[in-house]
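See structure below.
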Amino acid sequence: MARRKFLGYLIGGSGLVAAANVGLLSSPQEAAAAVPTPPVPADLADLNDVLSAAALPTSQLITVEVHEDGTASFELPRAEVGQGITTSIAMIVAEELELPLDKIDVSLAPARPELLFNQLTGGSNTIFAMYTPVRVAAAIAKGALLEAASNLLGDTVEALQAKAGEIIGVGGKSVTYGELVSKAAVPETTPREAVLKPVAEYNVVGTPQPRKDARAAITGQKQFAMDLTIDGALPAMICRPPTIHGTPEAVRNAPEVKAMNGVTHVEMVPTGVAVRAQTFGQCIDAVRALQVDWNPGTAEGESDESILAEVHGAELPMVVPQVPVLTETLDYNFEFYTRSGSPLEPNCAVADIRADGGTVWASAKSPIAAREEIAAAVGLPVDKLVFNVVEGGGSFGRKLFFDGALEAAHVSKACQAPVRLMWHRADEPRQGRSHPITTSRIRVTRLTDQVLTYEHRHTGVAVDLTHGLGEAITAGAATLPVAGNLTFAETIFATTQYLPYNFGVVDQLLLETGAYDRFPTSAVRNVYSPDVRAANELVVDRLAERMGKDPYEFRMGFLRKERVRRVLEKVAAEGEWGKRMPEHCAQGIAIHEEYKGATACLVEIDCRPETVNRQIRDARTGPLVTKVTFAVDPGLAINPTGVEAQMQGGVSDGIALALTNSSHLADGHFLEASWDNSAYTRQWNTPRDIQVFVMPSEHPPGGAGEAGVAATFAATACAYGRAVGEMPTYFPINHKEPLHFEPKSFIPPVPESPTDGLARTF
């Protein structure tokens, strides 16, 4: 990344279009200690390296275009789902092209099969993988403009200055980018060398910027899938089975339902019975009226207890034996329950499938795979299906799958009409995708004040990775410094799970059990890291206690890397680690390393009876996190404001995973339905004091979309254990308590539309 010269292309044609052709290089830092831990796979090539390697062969297809009105555009082949990447990419283009930020237009590319793995969004990889290609393309475009200006103004290229969309000559004469576009264009594609702007001279990248789409979002002008106006596309919903993956056998009253007000169609589809109507309210009424005979699902009779027993039964024995005299063997066991991956935006898509072709509009992180599978499902040649990527209202891993778009295509084909399909809120936790039950078992051996071995076995129900990410991992597998044939899941685990401490011989392995398609699973935000990090940091607290050391000082003494030490020092100082706390209140501290960055979190929690037992209508209360101090080193922070926002979101996620948010499986179905059942972090559980410190470093820009979750989960778990005087062993800590809601019906699968909304406001 220290190189400044890169190869790219000017694309032949009448306009000015520039592309990149680059490689990405990075190297881990060295560390040494009394009992150092040898490098693990994630030290040598992590998931970001693997995904970037898979995308590299098509980097020259990423282009920046300058227009005759003086603006520039970039078609982003990644999914914007609220993480702010359109703003960050615009900042990179503006910086390298020397053009004001408001003159950069970043749109989302439709499915482009030629991009292969360059059109896959996941693993917080977008900025890391695209930072250099976008810079190179913009620099080549600027170079072409400078050459054209040199001919026009009569100055050498070296004497010219590009500034704010103009080229300024020695005598003060200037010419705008727009005036130069036609002169800078080339008739045939030609290779060009680009010299990148030194980071020390940046004046856009690294500065806090509001999101380019912020005004549109807060004024309701932002266009999501359900906001699109597509001729003839009427609302559609699906009556879903009462158990997971059930299928319809027959509809007993289809004519009566079709005769209901506004209803145009009632059709059986693979996942249920679809209704199409003039309004979504009429769809809900029709879904509730349907009488359907259902075939059994894939998890009939299953419960939390039965699945947890299955996972425990699959656990492999530990390798490290009971050790000799003078050493101590410590064993720890943890359980993590199912959690829904539903974002705030319901699963939705628009589809218009006809006999000779079709179009789909949806938010998708793997649109190439979506286009191929949907075309096959509706019987169209893949080149006859257009898949338009729309901005999404959240993802958390959910939009790596495109089941909503696939359903919309099925419904449109069955109805022979365009549809705007939307899932009901009650559909999401019950039939949507979730991160499944897992367990963590850890064995540590120590001798006096040194850790000799650290063995971690993480076991769980198989996670479905058949969405394009797995193929990208296969494509980049040659970069992996591991032996043997790892599964997709094992590869993700091996390339994401660091143990940031010098704990001697470290061995962390994943084992998955059962078929991934028995439950609708997915890689929910931060995938394995929240559970693994919470288990590891709780064990670190126990080790510190057994060695008679302060948890913070213990961590500092065993850290492997300086950048992790830097963020840990920051939160300890800013969060006043070690300050006196009331009885049943405590601090917890934790670290995490992933996505080419480092994070640390210090949490203060209140577990006093009067707090735990506070009463709020329809709320899951319990322990309250009162303060969070968070620090992140993301490498080069493209937009510090965006990084801070992502960390705040991750903080809320981490608190929810530790304390309140999970799904309860009983009799083959999940009990939660809608957000009023799912106990995510709410206003009454949100810390009143959250401080985020963005600490840029000389490292390349890393990922921020998921980086805030794991350290917060772990710090909250550690704080809770210190406050109650006992290490928690399952999460969330309230999962085994009585439900805070009355489960909604399964037949009909959705509740009636509410008419008492004002009565439910506070």
Side-chain angles (χ1 to χ4, degrees), residues 33 35-44 46-47 308 311-323 327-336 435-446 450-463 482 484 486-487 489-513 526-544 546 554-555 558-561 564 590-594 657-658 709-711 713-715 717-718 721 727-731:
V35 188
T37 294
V40 298
D43 283 311
L44 305 175
D46 66 8
L47 185 60
L308 192 57
V311 172
H312 279 306
E315 293 170 343
L316 295 175
M318 293 293 196
V319 174
V320 176
Q322 295 294 325
V323 291
T327 62
E328 182 181 24
T329 302
L330 305 170
D331 287 302
Y332 303 94
N333 299 280
F334 304 94
E335 298 170 347
F336 303 90
H435 190 82
I437 287 176
T438 63
T439 65
S440 271
R441 292 153 52 244
I442 296 172
R443 173 171 289 178
V444 183
T445 62
R446 74 178 186 98
Q450 290 295 327
V451 178
L452 303 180
T453 66
Y454 192 98
E455 185 177 9
H456 188 163
R457 295 291 178 265
H458 196 67
T459 311
V461 172
V463 173
V482 291
L486 299 182
T487 66
E490 289 168 341
T491 301
I492 290 177
F493 189 88
T495 55
T496 58
Q497 298 315 303
Y498 301 85
L499 190 68
Y501 304 103
N502 280 302
F503 281 171
V505 179
V506 172
D507 183 20
Q508 294 192 113
L509 293 177
L510 171 72
L511 174 68
E512 293 191 319
T513 179
N526 213 185
V527 201
Y528 303 105
S529 296
D531 298 352
V532 171
R533 178 55 45 217
N536 285 338
E537 293 294 288
L538 284 166
V539 170
V540 169
D541 267 13
R542 301 287 79 75
L543 289 172
R546 295 189 77 86
F554 179 84
R555 286 170 169 82
F558 283 88
L559 283 178
R560 297 174 60 199
K561 297 182 182 179
V564 183
I591 57 175
H592 186 59
E593 183 184 359
E594 196 174 359
L657 296 179
V709 183
F713 181 2
C718 290
M727 183 180 71
T729 58
Y730 64 86
F731 296 95

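This structure is a prediction, so every number in the text was calculated from the model and none was measured. Along the sequence shown, residues carry numbers from 1.
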With side chains defined as the heavy atoms from C-beta onward, is the minimum distance between [X] and [Y] less than 4.5 Å?
X	Y	result
Cys718	Leu538	yes
Asp541	Arg555	yes
Leu499	His456	no
Tyr501	Asn536	no
Leu308	Glu335	yes
Phe493	Gln508	yes
Arg546	Glu328	yes
Phe731	Phe713	yes

**Prompt:** What's the verdict on side-chain contact (heavy atoms from CB on, under 4.5 Å) for Val527 and Thr496, showing C-alpha distance, side-chain angles and the deciding distance?
**Reply:** CA-CA 9 Å; Val527 201; Thr496 58; over 6 Å; no
**Asked** Which residues satisfy the side-chain contact (heavy atoms from CB on, under 4.5 Å) test with Ala711, sequence neighbours excluded?
**Response** His592, Thr599, Cys601, Phe630
Nearest-0.5 Å distance that lies between atom [atom1] in [X] and atom [atom2] in [Y]:
X	Y	atom1	atom2	answer
Phe503	Gln450	CZ	CD	10.0 Å
Asp507	Met318	CG	CE	9.5 Å
Tyr332	Leu543	OH	CG	5.5 Å
Asn526	Glu594	CG	CD	5.0 Å
Glu512	His458	CD	NE2	8.5 Å

**Message:** Run Leu511 and Arg457 through side-chain contact (heavy atoms from CB on, under 4.5 Å) and show every step you take.
**Reply:** CA-CA 8 Å; Leu511 174 68; Arg457 295 291 178 265; over 6 Å; no
Can you see which heavy atom on [X] is nearest to which on [Y], and at what distance?
X	Y	result
Ala714	Ala534	CB-CA, 3.8 Å
Ala715	Ala590	N-CB, 3.5 Å
Thr491	Thr495	O-OG1, 2.7 Å
Val463	Pro436	CG2-CD, 3.8 Å
Ser529	Gln497	OG-NE2, 3.0 Å
Leu657	Pro530	CD1-CB, 3.8 Å

**Request:** Check the pair His435 / Asp531 against side-chain contact (heavy atoms from CB on, under 4.5 Å), numbers first and verdict last.
**Result:** CA-CA 11 Å; His435 190 82; Asp531 298 352; 4.0 Å; yes
**Request:** Going by the side-chain hydrogen bond (donor to acceptor under 3.5 Å, both in side chains) test, name the single residue among Thr459, Thr513, Thr439 that passes it with Glu315.
**Result:** Thr439
**Item:** From CA spacing to verdict: side-chain contact (heavy atoms from CB on, under 4.5 Å), Thr438, Tyr528
**Value:** CA-CA 9 Å; Thr438 63; Tyr528 303 105; 5.7 Å; no
**Message:** Just to verify, what does Phe554 make a ring-ring contact (aromatic ring centres under 6.0 Å, His included) with, not counting sequence neighbours?
**Reply:**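 Listed in chain order: Phe558.
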**Request:** Taking Arg441 for its side chain and Leu316 for its backbone only, find out whether a donor-acceptor pair lies under 3.5 Å.
**Result:**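 A pair under 3.5 Å: yes.
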**Item:** N-O pairing of Arg560 and Glu593 below 4.0 Å
**Value:** no
